[in-house]
Amino acid sequence: MIGMLAACLTTFGFLPQVIKVIKTKDTGAISLGMYSMTVLGIGLWLVHGIMIRDFPLIFANAISLLFSSIILIYKIKYR
């Protein structure tokens with residue numbers, strides 16, 4: 001139960017930033033290096049989850065990867 005709550009909070013913690021970036025297209029205060037490493041790290045966690053067949057890990061990291069990738073794409077597109 002604690003793990004699922006932690007996964008939900010860290011996964012959906014990206015959502016307010018995604019909404020703000022999509023609305024404003026302002027990515028000036030976002031670090032390209034940090035989001036590049038975050039997307040890569042989440043992608044690796046997703047691969048790990050798939051390899052060990054851990055559904056909560058797969059679910060949380062798939063959503064996190066989507067949200068963080070949107071931010072990274074906007075950062076690259078609107079710099």
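Along the sequence shown, residues are numbered consecutively beginning with 1. These numbers come from the heavy atoms of this one structure, side chains and all, not from hydrogens, waters or symmetry mates.
In this structure, Thr27 OG1 and Gln17 CD are separated by 9.5 Å, a value rounded to the nearest 0.5 Å. Here the CD1-CD1 distance, from Ile22 to Ile73, works out to 10.0 Å after rounding to the nearest 0.5 Å. Expressed to the nearest 0.5 Å, how far CD1 of Ile42 lies from OG1 of Thr10 amounts to 8.5 Å. Atom CD1 of Ile19 sits about 11.5 Å away from atom OG1 of Thr24, to the nearest 0.5 Å. Taken from CE in Met34 to OG in Ser68, the straight-line distance is 9.0 Å, to the nearest 0.5 Å.
Taking each heavy atom of Phe67 and Val18 in turn, the nearest pair found is O-CG2, 3.3 Å. Minimum interatomic distance between Pro56 and Asp54 (heavy atoms only, all atoms of both residues): CD-OD1, 2.9 Å.
The hydrophobic cluster containing Leu44, built from Ile/Leu/Val/Met/Phe/Trp/Tyr side-chain heavy atoms closer than 4.5 Å, also comprises Leu40. Residue Ile52 belongs to a hydrophobic cluster whose other members are Trp45, Leu57, with links defined by side-chain heavy atoms closer than 4.5 Å.
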Exercise for the section: Could you give me the CA-CA distance, side-chain angles and deciding distance for Tyr35 and Lys75, then say whether side chain to side chain contact (heavy atoms under 4.5 Å, CB included) is met? Expected result: CA-CA 9 Å; Tyr35 266 91; Lys75 176 63 180 176; 5.9 Å; no
Handout entry: Test log, rule side chain to side chain contact (heavy atoms under 4.5 Å, CB included), inputs Leu72 and Leu32
Key = CA-CA 7 Å; Leu72 180 60; Leu32 178 60; 3.6 Å; yes
Handout entry: Test side chain to side chain contact (heavy atoms under 4.5 Å, CB included) applied to Asn61 and His48, step by step
Key = CA-CA 10 Å; Asn61 284 291; His48 175 69; over 6 Å; no
Practice task
Would you please test Thr38 and Phe14 for side chain to side chain contact (heavy atoms under 4.5 Å, CB included) and show each step?
Solution key: CA-CA 11 Å; Thr38 298; Phe14 284 102; 3.8 Å; yes
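Heavy-atom neighbours of Lys25 NZ from other residues, nucleotides or ligands within 6.0 Å: above the threshold of 12.
Hydrophobic clustering (ILVMFWY, side-chain heavy atoms < 4.5 Å, transitive): Ile76 and Tyr74 are in one cluster. In the hydrophobic cluster analysis, where Ile, Leu, Val, Met, Phe, Trp and Tyr join through side-chain heavy atoms closer than 4.5 angstrom, Phe55 is grouped apart from Val47. Under a hydrophobic clustering in which Ile, Leu, Val, Met, Phe, Trp and Tyr are joined whenever their side-chain heavy atoms come within less than 4.5 Å, directly or via other members, Ile58 and Leu5 fall into different clusters. Hydrophobic clustering places Phe12 together with Val21 (ILVMFWY residues linked when any side-chain heavy atoms are closer than 4.5 Å, directly or through intermediates).
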